[in-house]
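Chain A is the first sequence line, chain B the second, and so forth, proteins listed ahead of strands; every chain is numbered from 1.
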Number of protein chains: 2
Amino acid sequence: MRVLWLFAHPEQRSLSGALRDEGLASLTEENHEYALSDLYAMGWNPVVSGEDYAHDPQERLVVGTASTAALETGRLSADIRWEQEKLTWADTVIVQFPLWWYGMPAILKGWFDRVLVKGFGFGITDEQGCTLRYGQGPLAGKRAMVVVSAGARSASLGPRGINGELNDLLFPIQHGTLWYTGMQVLPPMLVPGADRMGEAGFADTADALRRRVLAIPQTTPLAFRYQNHGDYDADMVLRTELGTEQSGLRVHYGAAPWWTAPSSAS
Amino acid sequence: MRVLWLFAHPEQRSLSGALRDEGLASLTEENHEYALSDLYAMGWNPVVSGEDYAHDPQERLVVGTASTAALETGRLSADIRWEQEKLTWADTVIVQFPLWWYGMPAILKGWFDRVLVKGFGFGITDEQGCTLRYGQGPLAGKRAMVVVSAGARSASLGPRGINGELNDLLFPIQHGTLWYTGMQVLPPMLVPGADRMGEAGFADTADALRRRVLAIPQTTPLAFRYQNHGDYDADMVLRTELGTEQSGLRVHYGAAPWWTAPSSAS
């Protein structure tokens with residue numbers, strides 16, 4: 001594997017930092033390659049602005065237009081281009097973060113906001129003019145996996161847990177971002193009870209993470225439906241006869257197993 | 001009303017900017033008060049760091065601990081304290097943003113990450129030691145509404161639309177953040193087709209926004225279930241006999257109408 005490991009935690013001496021080191025060590029031991037984007041350590045700027053696109057501030061900024069123009073003319077800011085190079089190089093993306101307000105820390109959300117510009121992460125069409133997204137797209141062929149730590153216990157992030165089921169909470173990133181760009185998305189790994197984990201819990205979690213990371217090439221992805229395989233009508237609404245046994249976001253999973261529980265050490 | 005209007009768009013001369021101005025004008029015309037947090041214009045820093053809490057970088061940073069300590073000793077950074085003052089003053093919060101990768105722009109996500117520290121936005125208990133969250137909490141009594149623009153058409157953000165239903169996409173903010181802190185959350189307003197709206201569409205949308213904003217005190221909130229009203233068991237899992245007619249995130253809505261469609265002008 002050639003892994004891009006996205007890491008977003010403000011403290012290196014954290015559980016997240018220790019788990020990241022375990023995951024990277026497991027890759028090295030098995031002769032895989034990796035690039036690490038440690039967003040806090042890099043001082044990553046998460047805020048989309050016209051400066052990313054060498055945009056004239058006198059002119060009205062339309063993000064989609066300006067970003068595509070900058071991509072095409074090589075004027076995207078250097079930090080964005082470098083992340084795009086890492087992503088192009090990688091065949092696998094691991095996205096590791098603590099769950100803050102049931103989503104990504106801002107510094108990580110802004111990695112996707114800035115790096116996946118139209119023309120690079122989406123916005124391409126086939127010969128028939130059909131937009132390639134949701135299972136197809138510029139990043140097809142890559143695999144991605146979310147590794148997320150949470151203070152909550154796993155039951156509260158389960159199918160009927162009060163916080164919302166983890167795959168549902170991650171739908172904007174797993175389906176709306178990673179799958180949207182064409183990547184295959186593996187079931188996430190949840191690290192629950194992260195703010196009170198003891199030594200035994202850490203050893204188990206580190207072991208589980210190493211196994212999950214090394215198993216990426218053999219792991220069955222989440223069964224998200226493809227946009228262009230006939231499941232959606234012209235308004236991009238799921239055809240009436242499909243997904244009738246579910247409601248909510250789960251209708252967007254196809255072939256059984258339609259949904260796979262997150263793994264965790266606990 | 002005393003409204004805190006959170007606005008996150010990099011271009012003032014945008015549809016979002018024009019709609020914000022309409023909404024604010026409607027408030028003034030009806031003698032409501034408002035505070036505007038225009039995050040781009042303010043140069044808001046969305047990245048949680050130890051500096052927010054005057055934390056000694058030699059010491060390991062535990063965000064929850066350090067932020068609460070800083071809150072209690074008055075050492076939270078000035079920009080966070082000022083946003084907290086606005087939020088304390090307000091009885092109503094409007095959160096307006098363009099949908100980027102099916103979520104908030106990073107600059108806005110980081111407003112919640114930084115401002116809602118433990119002890120201010122959550123983490124309080126009642127006399128019995130019961131944690132007050134999801135419908136109860138430090139911000140109970142306030143109302144909140146999301147106003148979100150998207151390039152997509154409304155059908156693709158509907159109940160079976162390919163992008164995921166809007167309330168499901170917004171679950172992390174509407175349920176996991178606003179409701180978590182105690183606020184009542186009103187149905188969101190969706191502005192679809194935002195990148196190709198003509199003059200007539202703008203007039204209709206501006207009118208719809210003005211009506212939604214002025215109707216906030218009379219609007220029925222989303223029927224999210226309360227944590228402490230007996231619907232969840234000790235593991236914070238929804239009791240087996242409840243929400244059986246739904247799956248996914250919709251089980252977390254209680255009394256009918258369990259779910260309210262977002263309004264939009266189209």
Item to check | Which atoms of A/Arg13 approach chain B - backbone, side chain, both or neither, heavy atom under 4.5 Å | outcome: both

Anything under 3.5 Å between a donor and an acceptor, one on a side chain of residues 171-179 of chain B, the other on a protein residue two or more places apart or in another chain? List them.
{"unit_1": "B/Gln174", "atom_1": "NE2", "unit_2": "B/Asn167", "atom_2": "OD1", "d": "3.0"}
{"unit_1": "B/Thr177", "atom_1": "OG1", "unit_2": "B/Pro172", "atom_2": "O", "d": "2.8"}
{"unit_1": "B/Trp179", "atom_1": "NE1", "unit_2": "B/Arg225", "atom_2": "O", "d": "3.0"}

Next on the checklist: Which atoms of A/Val63 are under 4.5 Å from chain B, going by heavy atoms: the side chain, the backbone, both sets, or neither?
Outcome noted: side chain

Next on the checklist: Could you tell me if the side chain of A/Ile162 sits less than 4.5 Å from the side chain of B/Gln227, heavy atoms only?
Outcome noted: yes

For residues 42-50 of chain B, run the donor-acceptor check on the side chains, cut-off 3.5 Å, and write out each pair with its distance to 0.1 Å, sequence neighbours left out.
{"unit_1": "B/Asn45", "atom_1": "OD1", "unit_2": "B/Val47", "atom_2": "N", "d": "2.9"}
{"unit_1": "B/Ser49", "atom_1": "OG", "unit_2": "B/Glu51", "atom_2": "N", "d": "3.2"}

Next on the checklist: With a 4.5 angstrom heavy-atom cut-off, is it the side chain or the backbone of B/Arg153 that approaches chain A, or both, or neither?
Outcome noted: side chain

Checklist entry - So which part of A/Thr181 gets closer than 4.5 Å to some heavy atom of chain B, the side chain, the backbone, both or neither? => result side chain

Next on the checklist: Can a donor-acceptor pair be found, under 3.5 Å and without considering hydrogens, that links the side chain of A/Ser247 to the backbone of B/Ser247?
Outcome noted: yes

Would you mind writing out the side-chain donor-acceptor pairs for residues 97-104 of chain B within the sub-3.5 Å range, not counting sequence neighbours?
{"unit_1": "B/Trp101", "atom_1": "NE1", "unit_2": "A/Phe112", "atom_2": "O", "d": "3.3"}
{"unit_1": "B/Tyr102", "atom_1": "OH", "unit_2": "A/Tyr134", "atom_2": "OH", "d": "3.4"}
{"unit_1": "B/Tyr102", "atom_1": "OH", "unit_2": "B/Asn163", "atom_2": "OD1", "d": "2.7"}

Checklist outcome for this item: Separation between NE2 (A/His252) and CD (B/Glu165), nearest 0.5 Å, reads 9.0 Å

Item to check | Neighbour count >12 (heavy atoms, 6.0 Å) for atom CD, B/Glu241 | outcome: yes

Checklist outcome for this item: Rounded to the nearest 0.5 angstrom, the CG-OG distance for B/Asp235 and A/Ser154 is 9.0 Å

Checklist entry - Just by distance, do the side chain of A/Asp113 and the backbone of B/Ala106 share a donor-acceptor pair under 3.5 Å? => result yes

Item to check | Segment of A/Thr240 engaging chain B (4.5 angstrom heavy-atom cut-off) | outcome: backbone

Checklist entry - Rounded to the nearest 0.5 Å, what separation is found between the CD1 atom of B/Ile107 and the NZ atom of A/Lys109? => result 12.0 Å

Checklist entry - Which atoms of A/Ala234 come close to chain B, meaning under 4.5 Å heavy atom to heavy atom: side chain ones, backbone ones, both, or neither? => result backbone

Checklist entry - Mind checking which of residues 116-124 of chain A sit less than 4.5 Å from chain B, heavy atom to heavy atom? => result A/Leu116, A/Phe122

Checklist entry - Among B/Ala155, B/Gly64, B/Gly110, B/Ala8, which residue forms the greatest number of heavy-atom pairs with chain A at distances under 4.5 Å? => result B/Ala155

Checklist entry - Any donor-acceptor pair under 3.5 Å linking the side chain of A/Arg160 with the backbone of B/Leu242? => result yes

Item to check | Segment of A/Arg114 engaging chain B (4.5 angstrom heavy-atom cut-off) | outcome: neither

